[in-house]
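Side chains are part of it too, since the values below use all heavy atoms of this structure and drop only hydrogens, waters and symmetry mates. On a predicted model such as this, the values are computed, not experimentally measured, just so you know.
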Amino acid sequence: ELLADAARVLQQLVPIEREVSESGGRSFLARMLPYRTTEDRIAGVVLTFVDISERLLAKAAALQATQELEQRVQQRTAQLDVVIEALRSEVTKHQAVERARQTLQRLLISAQEEERGRMSRELHDEVGQQISALLLAMKAIELAEPSEVLSGKLAELRAAAERVGQEIHQLAFQLRPLALDELGLARALTGFVETWLARTGVHVELVTAGIDEQRLPAEIETTIYRVVQEAMNNVYRHAAATSVSVSVARRGNQIVTIVEDDGRGFDTSALSQNGEGSHKIGIVGMRERAELVDGELAVESTPGIGTTVRLKLPLP
């Protein structure tokens, strides 16, 4: 074979390389080059042998390492696939649990509102009627009896009964305003604002837009009413404000509710700190109500300037 290669070198005048292995297991690279004289004539061939055994061994070792690495990558990929599938299963379970929790909260709040409505109707109908009958009886006795002392006592009792009746009416209204179910959100908010103004003496401005033409879903109306109620109660208890503005407006496919006061305000970073407080509990409750109907509630406040509660609810 080497002689045949030498003949081809002489005929084609090009170098030829060939790997040659010996019986001892070593490998060589045989090169044949044409031998030129100083006159640039071909006088023969030059045969050289280079030991490439270590290079071939290194190449084989690199190939084996690559194959082992690929096997490890495949094994690791299979393990990661198992872990990812387990994580997906856990996420799915967590999402199912979260949906079940939200559904339960929604049902609980609905049940609370229904129970409040029942108690409100009973207070308004049963107890209110009894108080009214008592007032009429006292007034009849007061007019029929000429005694000034007895008339004075009856007048005091009648005044006390009127106060009890007003308190019962206020309690029934706070539990569940009948206007919210019968007349809608705008009328219910108007009644609440008027009652709140009479009770606190703080000026209130109420603006509604786009909610009178068509009734909103019951859970949307209830959420807005309860958030406004809680926000204004917080104003009365904590803000020492001189005026409050309430706006409820339909904006595209959203209902945006804003309650803004000019009170003392507070540091909103305190809301994220541990600890209890009636205003913190109230804000947490408002946020939970908003989340149950896929809404968002934001509280912005600056000490000495005032507080703004903004509620955004999507319309179904």
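Shortest non-hydrogen contact noted between Ser243 and Val202 is N-CG1, 3.8 Å. Thr307 approaches Gly265 most closely through the heavy-atom pair OG1-CA, 3.7 Å. Contact record, Ala290 with Leu311: CB-CD1, 3.6 Å, taken as the closest heavy-atom pair. Residues Gly306 and Ser301 share a closest heavy-atom pair of O-OG, 3.2 Å. A pairwise comparison of heavy atoms in Leu315 and Arg250 identifies CD1-NH1, 3.1 Å as the closest pair.
The environment of CD in Glu296 is sparse: at most 12 heavy-atom neighbours from other residues, nucleotides or ligands sit within 6.0 Å. Other residues, nucleotides and ligands contribute only 12 or fewer heavy atoms inside 6.0 Å of the CD atom of Glu54. When the shell of 6.0 Å around CZ of Arg55 is examined, it contains 12 or fewer heavy atoms from other residues, nucleotides or ligands.
To the nearest 0.5 Å, atom CG of residue Leu185 and atom CD1 of residue Ile255 are 8.5 Å apart. The CG atom of Leu57 sits 8.5 Å away from the CZ atom of Arg26 when rounded to the nearest 0.5 Å. In this structure, Asp261 CG and Asn234 CG are separated by 9.5 Å, a value rounded to the nearest 0.5 Å. Taken from CG in Asn233 to CZ in Phe192, the straight-line distance is 5.0 Å, to the nearest 0.5 Å. With values rounded to the nearest 0.5 angstrom, Asp51 atom CG is found 8.0 Å from Ser27 atom OG. Distance check, rounded to the nearest 0.5 Å: NE2 of His203 to CG of Asp262 gives 10.0 Å.
For Ile220, the side-chain contact (heavy atoms from CB on, under 4.5 Å) partners two or more places apart in sequence, or in a different chain, are Leu216, Pro217, Ile224, Val293, Leu313.
The side-chain heavy atoms of Phe266 and Val299, taken from C-beta on, include a pair separated by under 4.5 Å. In this structure, Thr222 and Arg289 have side chains that are in contact, with non-hydrogen atoms separated by less than 4.5 Å. By the 4.5 Å heavy-atom criterion applied to side chains, Met232 and Thr200 are not counted as neighbours.
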Worksheet entry | Worked check of salt bridge (Lys or Arg N to Asp or Glu O under 4.0 Å) between Arg187 and Glu182 | CA-CA 9 Å; Arg187 295 287 296 275; Glu182 298 175 358; over 6 Å; no
Discussion item. Applying side-chain hydrogen bond (donor to acceptor under 3.5 Å, both in side chains) to Arg226 and Gln229, what does each step give before you reach the verdict?
Written reply: CA-CA 5 Å; Arg226 292 305 182 191; Gln229 184 183 48; 2.8 Å; yes
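Following chains of ILVMFWY side-chain contacts shorter than 4.5 Å, one cannot reach Val256 starting from Leu297, and the two form parts of different hydrophobic clusters. Under the 4.5 Å side-chain heavy-atom criterion for Ile, Leu, Val, Met, Phe, Trp and Tyr, Val259 and Ile305 are members of distinct hydrophobic clusters. By the rule that hydrophobic residues join a cluster once side-chain heavy atoms approach within less than 4.5 Å of another member, Tyr236 and Ile258 end up as members of separate clusters. Placement of Leu197 and Tyr225 in two distinct hydrophobic clusters is found when ILVMFWY residues are connected by side-chain heavy-atom separations under 4.5 Å, directly or transitively.
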Please list every donor-acceptor pair under 3.5 Å in which a side-chain atom of residues 87-97 meets a protein atom from a residue at least two apart or in another chain.
{"unit_1": "Thr92", "atom_1": "OG1", "unit_2": "Arg88", "atom_2": "O", "d": "2.8"}

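Cluster partners of Leu29, by chain and number: Val50, Ile52, Leu56. The rule joins Ile, Leu, Val, Met, Phe, Trp and Tyr whenever side-chain heavy atoms lie under 4.5 Å apart.
In the model, Gln79 has a side-chain atom that pairs as donor or acceptor with a side-chain atom of Arg76 under 3.5 Å.
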